[in-house]
Amino acid sequence: MAAALLLSGCSTSDPMAVVTGVVTVGTTPVGPCSVQFHPVGGGRPIATTTEGEGSYQIALPPGTYNVVVRPSVHLPEGWKEGDPVPDPPVAVPKDYTQATTTKLQVKVEQPQDFTKDLQM
């Protein structure tokens with residue numbers, strides 16, 4: 001969570017909501033992956049990562065965010081530059097990997113903690 005505060009550029013005195021949830025494709029959890037919250041109307045995105053079971057937690061100031069999900073790839077032992085990169089464990093639909101095409105959105109109306117599952 002501290003990383004999310006640093007990335008956002010907000011001080012700890014700014015009102016924040018802690019948002020938690022699970023990222024899934026259908027019913028399959030997506031993890032590990034990067035989850036980026038892009039403020040609608042511009043501004044610096046705030047990012048976090050999911051755990052292996054797809055759960056995430058992030059502190060966000062009030063606002064509306066387009067959410068981008070990018071799966072992480074674990075390189076096998078012995079992998080070297082030029083070797084093929086393995087596919088991620090769960091394929092994320094391409095539309096959800098860009099802020100301009102994602103269908104995921106989170107709205108923080110008050111600095112009150114809440115749960116928001118992100119299903120693709």
Subject >> Pair Val35-Thr49, side chain to side chain contact (heavy atoms under 4.5 Å, CB included): steps then yes or no >> reply: CA-CA 6 Å; Val35 185; Thr49 56; over 6 Å; no
Side chains of [X] and [Y]: closer than 4.5 Å at any heavy-atom pair?
{"X": "Val19", "Y": "Thr115", "answer": "no"}
{"X": "His38", "Y": "Val68", "answer": "yes"}
{"X": "Thr24", "Y": "Asp117", "answer": "no"}
{"X": "Thr64", "Y": "Val106", "answer": "no"}
{"X": "Val69", "Y": "Gln36", "answer": "no"}
{"X": "Pro61", "Y": "Met16", "answer": "yes"}

Where the side chain of [X] meets the backbone of [Y], is there a donor-acceptor pair that is under 3.5 Å apart?
{"X": "Arg70", "Y": "Thr97", "result": "yes"}
{"X": "Thr48", "Y": "Gln57", "result": "yes"}
{"X": "Thr50", "Y": "Cys33", "result": "yes"}
{"X": "Thr101", "Y": "Asp95", "result": "yes"}
{"X": "Glu51", "Y": "Tyr56", "result": "no"}
{"X": "Asp113", "Y": "Val18", "result": "yes"}

Subject >> Test item: side-chain donor near acceptor, Thr100 and Gln98, under 3.5 Å >> reply: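 Side-chain D/A pair, Thr100 to Gln98: absent.
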**OP:** Please round to the nearest 0.5 Å and tell me the distance separating atom NZ of Lys103 and atom CG of Asn66.
**Re:**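 The NZ atom of Lys103 sits 12.0 Å away from the CG atom of Asn66.
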**OP:** Please round to the nearest 0.5 Å and tell me the distance separating atom CZ of Phe37 and atom CD1 of Ile46.
**Re:**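 Rounded to the nearest 0.5 Å, the CZ-CD1 separation comes to 9.0 Å.
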Could you tabulate the donor-acceptor pairs under 3.5 Å formed by side-chain atoms of residues 71-91, not counting sequence neighbours?
from: Trp79; atom 1: NE1; to: Asp83; atom 2: O; distance (Å): 3.4
from: Trp79; atom 1: NE1; to: Pro84; atom 2: O; distance (Å): 3.1
from: Asp83; atom 1: OD2; to: Lys80; atom 2: N; distance (Å): 3.0

Original post:
How would you list, by chain and number, every residue that makes a salt bridge (Lys or Arg N to Asp or Glu O under 4.0 Å) with Lys94, sequence neighbours excluded?
Top reply: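 Not a single residue meets the salt bridge (Lys or Arg N to Asp or Glu O under 4.0 Å) criterion with Lys94.
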**OP:** Could you state whether Val67 and Phe114 fall into the same hydrophobic cluster, counting links through intermediate Ile, Leu, Val, Met, Phe, Trp or Tyr residues with side-chain heavy atoms under 4.5 angstrom apart?
**Re:**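 Same cluster.
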Original post:
In the hydrophobic clustering (ILVMFWY, side-chain contacts below 4.5 Å, transitive), which residues join Val22, or is it alone?
Top reply: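 Listed partners: none, Val22 stands alone.
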What are the two closest non-hydrogen atoms of [X] and [Y], and how far apart are they?
{"X": "Pro93", "Y": "Val25", "result": "CD-CG2, 4.1 Å"}
{"X": "Ala17", "Y": "Val108", "result": "CB-CG1, 3.7 Å"}
{"X": "Gln119", "Y": "Leu104", "result": "O-CD2, 3.5 Å"}

Subject >> side chain to side chain contact (heavy atoms under 4.5 Å, CB included) assessment of Val92 paired with Met120 >> reply: CA-CA 8 Å; Val92 171; Met120 296 171 270; 3.7 Å; yes
**OP:** Measure from NZ or CZ of Lys107 to the centre of the six-membered ring of Tyr65, then state whether that distance is under 6.0 Å and the direction lies within 45° of the axis.
**Re:**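 No - Lys107 does not lie over the ring of Tyr65 by the 6.0 Å and 45° rule.
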Original post:
Does the pair Lys116 and Thr20 meet the rule for a side chain to side chain contact (heavy atoms under 4.5 Å, CB included), with working shown?
Top reply: CA-CA 6 Å; Lys116 176 67 176 173; Thr20 58; over 6 Å; no
